[in-house]
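For ligands, and for the atoms within them, numbers begin at 1 and follow the listed sequence. Just so you know, these numbers come straight off a predicted model, no measurement behind them.
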Amino acid sequence: MAEVKDILTGLDRYETFIEKLDKEIEKMDDYRIAIVYTDIKHFKYINDTYGYQRGDMLLREFVNHVLKIDDKLICAARVYSDNIVVATRLDSEYSNNEFRDLIYGRNMELERMLRDNYLDEGLRLSTGISIISKDDRRLDAATAVSNANLARKLAKEMKDDCCVLFDNQMIEGIKKEVEITSSLSSAINNGEFKVYYQPKIDTKDLRLIGAEALVRWQKPNGTFIFPDEFIPFIEQSGQIVDLDYFVYREVFKFIADRINNDEPVVPVSVNVSRVHLSRMGILEYVAELFDEYQIPPQYVEFELTESIYIDNTEKALQLVEGLHDMGVKVSMDDFGSGYSSLNLLSGLPIDIIKLDKVFLKKASANEGRLKENDKIIISCVVDMARRLKITSLCEGVETPEQSDYLAEIGCEIQQGYYFSKPIPQEDFEEFIDAHFNSCSAVV
Ligand code: C2E
Ligand code: CA
Ligand code: CA
């Protein structure tokens, strides 16, 4: 019976590909097999913009090129849409990394050719490669393809690299990602997330002037997972929006309760993930919270990282203006950790600059002493903020020397372990009460 092929590309069907590859792996000898899994980024956009005919032509050209990978081709198939997988024997003349570089070079060539002949705009390919050797003979074809596909997904997320070689650690990373993203909603509902508060201190009298809300995830077995470990994953899945809303609500409730109990209260800042910019439901959500909790707007502030402004300045501006319309202050977080910080300041109506802790971290590596050059940079940023009438805050203050230096140059607010680590709400309430009762400085 004649073999059934994919009509558009003339390639094998995926099932046939897997059968052929399984047989090949079984009889494998002193050579390796490379599985190269590629797709065209935003292919749907190309179909929608240029029409299916152009999309099909481009796909056929893409396949012709991919088939030129090597003359030791074992089999090739279209998995679906624009996802093409090729298996080829790998000669000993290439190391795994050299093969990756070779495919990378071919991708560049192909991107150029497709752009010149079929489209007026840029086009990207994402490729994942898994390489199996004689020792991996127990691996079945489907798993080898799924490994290459996993590497392709990572390639797709990368800005600069379009070609990634699979390694087993990726599986661990994915397992962790799945564990985190699949347990997030139940973790919120089970009360596993808590809001911690880190005090902010007024430099001129070392008194409490505010706090930053930072989320903590405590698993039922008592272990903590810190934000840097789980936020990148839940940003990817979009679930960060729910978590941020949870934090905002907790903070509004905390402030409202204290006001209603006639207890002293300070402004609390919350963090805004970059994901909000593509959705913008955040403004309505915050307006609803103000409506529900009826707290004065000066008690909440929003921190947007410098990189959010850089990625999407127009949307960030809309967000800042929307928040200002509600009467709340906005700070630029992690200032100095990116590249074009200075340019941003002239165009954005922000209220507070938070100097990134990297400025002071360098000092920790230098026996707690700030180097002259770093001192100059910090003092220039603080001076510039003053001239622009923007409040300056330095985070990551860990030593009395650092704090004294910030006082010397007139940095208005400080935050860091020297004053307090982020602490649970109950402890922060004690902190506020003790502070307002004694009327003394924090340190
Ligand atoms: P960030 O906004 O820059 O927060 C400051 C981080 O520095 C916090 O880490 C804080 O614990 C840490 N830190 C404070 N003082 C010191 C110090 O003196 N020395 C050192 N070495 N570190 C200090 P954390 O809580 O682990 O948070 C990490 C990041 O995760 C935050 O960086 C923020 O970007 C993000 N994040 C935390 N909570 C939330 C949240 O509720 N929503 C969103 N979207 N992001 C959050
Ligand atoms: Ca922050
Ligand atoms: Ca920060």
Can you tell me if Ser269 has an N, O or S atom under 3.0 Å away from the Ca ion (ligand 2)?
no
For Pro349 and His324, the nearest pair of non-hydrogen atoms, with its separation, is O-CE1, 2.7 Å
Any side-chain donor near an acceptor of the partner, Asn97 and Ser95, under 3.5 Å: no
| query | Is it true that a side-chain atom of Thr203 and a backbone atom of Cys411 form a donor plus acceptor pair closer than 3.5 Å? | reply | yes
Atom CD of Gln298: over 12 foreign heavy atoms under 6.0 Å:
yes
Hey, is Asp433 close enough to Arg258 for a salt bridge, meaning N to O under 4.0 Å?
yes
Is the distance between the ring centroids of His435 and Phe428 under 6.0 Å?
no
Apply salt bridge (Lys or Arg N to Asp or Glu O under 4.0 Å) to residues Lys175 and Glu172 and explain how you reach the verdict. CA-CA 5 Å; Lys175 269 193 201 152; Glu172 289 308 308; 3.6 Å; yes
- Message: Regarding Arg152 and Asn149, do their side chains bring together a donor and an acceptor under 3.5 Å, going by distance alone?
- Response: yes
In Glu395, Glu212, Glu301, the residue satisfying salt bridge (charged side-chain N to carboxylate O under 4.0 Å, His left out) with Lys200 is Glu301
Audit row: Arg274, Thr305, side-chain hydrogen bond (donor to acceptor under 3.5 Å, both in side chains) steps and yes/no = CA-CA 8 Å; Arg274 63 180 63 243; Thr305 57; 4.8 Å; no
Output block, N or O contacts of ligand 1, threshold 3.5 Å exclusive:
| from | atom 1 | to | atom 2 | distance (Å) |
| --- | --- | --- | --- | --- |
| ligand 1 | 2 (O) | Glu212 | OE2 | 3.2 |
| ligand 1 | 2 (O) | Asn271 | OD1 | 3.2 |
| ligand 1 | 2 (O) | Asp333 | OD2 | 3.1 |
| ligand 1 | 3 (O) | Asp334 | OD1 | 3.2 |
| ligand 1 | 7 (O) | Lys357 | NZ | 3.1 |
| ligand 1 | 15 (N) | Gln198 | NE2 | 2.9 |
| ligand 1 | 18 (O) | Tyr417 | N | 2.8 |
| ligand 1 | 19 (N) | Glu398 | OE2 | 2.6 |
| ligand 1 | 21 (N) | Glu398 | OE2 | 3.2 |
| ligand 1 | 22 (N) | Tyr417 | OH | 3.3 |
| ligand 1 | 25 (O) | Arg216 | NH1 | 2.8 |
| ligand 1 | 25 (O) | Arg216 | NH2 | 2.9 |
| ligand 1 | 38 (N) | Val215 | N | 3.2 |
| ligand 1 | 42 (N) | Asp244 | OD1 | 2.6 |
| ligand 1 | 44 (N) | Asp244 | OD1 | 3.1 |
| ligand 1 | 44 (N) | Asp244 | OD2 | 3.2 |

Looking at Glu212, the N/O/S atom that lies nearest to the Ca ion (ligand 2) is called OE2
Sorted by chain and number, protein N/O/S atoms nearer to the Ca ion (ligand 3) than 3.0 Å are Asp333 OD1, Asp334 OD1, Glu395 OE1, Glu395 OE2
